[in-house]
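First the structure, in the form of structure tokens, and then the observations on it.
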Amino acid sequence: MLTSELFQDPPRKYAVRSINHGLHNNTDLLLEAYRDFGYGGIVTNVPYGVSCCGRSRRDIKGFTENPENLEKFQVILDKLKENDLSYWIYDEAGYPSGQGGGLVLEGHPELSAKGLYMERRITYDEPRTVKFRIDDETNRIVWAAKCPLDVDRQLHETPAIYEKMSPIPFQKDSLTCELDPFEVLFIFCEKDAHYGSQGTHNTCSFRKNINIMDKRAVRRFIDCCFEPIAAACPEAYPNADNVFTDEPGLFHRYVRSYETWSRALIPWVENFFEEYEAKYGEDLRIFLPLMFENDCARAYATRIKFYALVGDLIAEAYSGQLAAWCEAHGTGFSGHYMAEEGLYGQVCNYGDYVKVLSKATYPGLDVLSCIPDQFSSLTVKTPQIAARKKQSGMMVEICPFYNVEEFRKNPVNYMTAVMGLLYLGGVRVTHSYFAPALSTWRNNVLRRPENDGYANAEEMTAFNRYVARLGIMLEGLQNESNVFVYYPVENEQAVIYPATAAQFIPYDKLAETSIWELVNHIYENGYDFFLVDCDDLTDAVRTLETDGEAKISGNRVDLVYVPRCLVMRKAAVDALKKLADAGVKVHYLDKAPAFYDTAESVSDGADFPVCSINDVLPELKATVKGIFQLDFEQKTVQQGTFHRDGKEIHMLCNRSGKDLTIPYNGTVAAEVWSPEDGSITALPSNSTFVLPAYRALFILIPE
């Protein structure tokens with residue numbers, strides 16, 4: 001039970017953990033400083049030398065192969081224990097996870113991230129002989145076939161008749177093919193996925209990374225980066241809260257639109273054709289060109305299957321395998337992934353981000369823009385899908401790396417406001433690059449340019465206490481809401497295709513912009529909600545049939561919005577029909593989808609009302625009965641509801657720079673618990689209270 005004493009003086013473990021990769025230097029002083037600044041612990045790693053940016057192993061001093069580094073790490077662990085500071089183990093020699101500073105791929109180039117590209121040769125009136133040989137960037141030919149063109153169709157396009165595709169013999173590096181008139185030859189080649197990707201546009205290294213769809217590659221990552229620690233420091237993992245992995249990826253996607261490369265890539269692993277046929281009972285090779293060209297129902301269906309399988313393979317090979325290893329060694333697996341803020345980036349990098357994240361022991365996310373006006377609920381609501389299914393909290397790595405000039409104008413208040421929004425959305429553990437001004441500690445004993453952080457000892461201690469109070473109040477609690485927004489990952493899977501520069505797709509085909517508009521509109525008007533996927537909707541139907549009431553993760557389903565989609569899973573639409581028949585309000589935003597994932601046209605999608613964004617707020621007001629009036633013109637207050645210890649808890653967050661007077665319309669007296677100072681004050685029925693600028697409050701109402 002949470003007491004006023006615990007809230008006033010929360011245990012240190014609920015406070016922020018600082019991320020420090022160089023803790024082996026000045027260990028004693030740094031740990032004393034972190035204690036004095038109120039931190040709850042550290043995220044740290046085996047030492048890897050002065051710089052991780054070099055291309056040779058000398059730059060990382062061997063990482064886990066160097067016994068001296070492991071000895072230093074044991075010293076760090078011993079001193080953390082002496083200082084009563086918890087820790088997470090960062091798994092890398094830099095960033096992103098999977099390299100081990102070059103150790104993992106040394107001697108094993110076959111385990112690096114791979115992409116598949118397509119070459120096309122076409123004939124019209126004249127036959128031709130095609131002689132093809134791979135270039136020096138290409139590893140091998142994977143598949144080649146030709147098929148006739150459908151010249152009878154009166155279209156601007158001249159589509160291939162994929163069903164009549166016939167294989168063409170090829171060598172590893174070359175082929176020769178005779179093309180008759182009106183035939184097209186497709187050649188698919190494998191190359192390393194690296195150049196122009198996140199792997200060459202980051203702060204740490206230019207090294208190639210492992211293929212996270214390949215079990216062998218991830219197993220070698222474990223052997224190089226995890227097993228040596230377990231052998232040399234037997235208590236390292238059992239005493240760690242979790243392992244922190246940092247933005248692994250497929251690395252086939254180009255990330256700078258001003259750069260143009262010669263190959264448009266899709267993610268690839270050696271056994272992909274076999275895995276695809278085993279899962280779907282069909283040969284991907286026949287329709288493989290649809291991954292690169294042609295927008296049509298059949299292409300959408302093929303891409304959905306392809307990227308869903310990518311998600312399956314990553315979930316099994318990477319997050320699943322690492323979680324199993326960590327749990328077998330007495331700890332958990334967590335960390336965060338890349339481009340989590342939107343559906344499009346999630347599909348590009350992981351195929352099915354929620355599926356990958358759900359395999360982690362403790363889901364995590366990353367926040368780079370730490371200005372409350374720029375915060376979008378989608379940042380935290382997408383990973384919350386995985387956390388809700390697991391009934392767990394989430395970890396956030398919070399890094400004020402974007403819009404730094406603006407952030408520096410008011411760093412402590414901005415960061416405090418964002419923390420409230422994150423905990424409101426399900427975060428329960430915080431790791432941070434929000435650096436303390438260590439140079440101000442103890443008469444400048446740690447004065448160095450790199451120690452000139454954002455907050456002095458008093459400010460950082462107050463910040464850590466604030467976060468700790470958020471953590472102890474919400475520990476073990478899940479959000480409660482009867483409003484749901486469909487997470488149409490299949491739409492992004494359907495419309496995605498590779499390009500020779502950063503990938504952009506016409507926005508009229510994307511759910512991306514629609515879901516951003518919808519969730520921000522709901523959230524900024526003070527209503528909480530859940531994102532739900534197809535499995536959640538089918539689960540809701542199951543509870544409806546067995547218990548007589550549709551529920552998702554224990555929450556009654558009253559209202560479901562579907563963002564604008566071109567393609568939607570048929571199983572999801574079928575489930576929504578059953579929910580609507582039972583009285584659940586279901587709305588399409590702007591228009592109904594045109595296609596199912598089965599390549600069928602949606603002929604009956606208009607069964608659900610189509611609404612505009614202007615219709616959403618009146619529907620919310622009619623569906624959700626609240627006790628707080630939050631109709632502020634600037635849309636600056638967010639709220640969520642929880643239950644604990646026989647009390648209904650309302651968390652309200654003010655992301656504006658002004659104190660706000662909030663009417664309380666409850667019929668019973670309540671209490672206001674302030675994470676700012678730990679105070680608890682009475683709140684009479686039908687009264688008001690002040691929600692401070694950039695701060696959150698908890699209103700506890702007896703049931």
Using modelled atom types and a 3.5 Å cut-off, is there a donor and acceptor pairing between side-chain atoms of [X] and backbone atoms of [Y]?
X	Y	result
S334	F244	no
N26	L29	no
E259	R256	no
T44	H21	no
H194	F206	yes
K390	S358	yes
T382	T379	no
R428	G471	no
N83	L85	no
Q384	G425	yes

[Y] versus [X], side-chain donor and acceptor atoms under 3.5 Å:
X	Y	result
D246	H336	yes
H108	E110	yes
Y95	Q198	yes
Y318	T245	yes
E475	Y14	yes
Q346	Y487	yes
T331	N242	no
S97	E92	no
T430	R17	no
W516	E512	yes
Y87	D241	no
E190	T138	no

Could you pull out the closest heavy-atom pair between [X] and [Y], with the gap in Å?
X	Y	answer
F375	L422	CE1-CD2, 3.8 Å
G100	A93	C-CB, 4.2 Å
V104	A217	CG1-O, 4.2 Å
A236	I229	CB-CG2, 3.9 Å
A15	G38	CB-O, 3.4 Å
C348	R253	CB-CD, 3.5 Å

Between [X] and [Y], does the ring centroid distance fall short of 6.0 Å?
X	Y	answer
F73	H24	no
F434	F463	yes
W325	Y237	yes
Y337	Y350	yes
Y454	F407	yes
W268	H252	no
Y433	F401	yes

Kindly indicate whether the side chain of [X], heavy atoms from C-beta on, has any atom under 4.5 Å from the side chain of [Y].
X	Y	answer
C399	D366	yes
P267	Y307	yes
L322	V243	no
V16	H431	no
I210	Q99	no
L31	L80	yes

Considering only NZ, NE, NH1 and NH2 on the basic side and carboxylate oxygens on the acidic side, decide whether [X] and [Y] come within less than 4.0 Å.
X	Y	answer
D192	K114	yes
E275	K279	no
K389	D533	yes

Partner of N211 by side chain to side chain contact (heavy atoms under 4.5 Å, CB included), out of K215, M213, K208: M213

Worked check of salt bridge (charged side-chain N to carboxylate O under 4.0 Å, His left out) between R219 and D214: CA-CA 9 Å; R219 180 64 239 188; D214 191 330; over 6 Å; no

Full working for ring-ring contact (aromatic ring centres under 6.0 Å, His included) between Y254 and Y195: CA-CA 8 Å; Y254 304 119; Y195 294 102; 9.9 Å; no

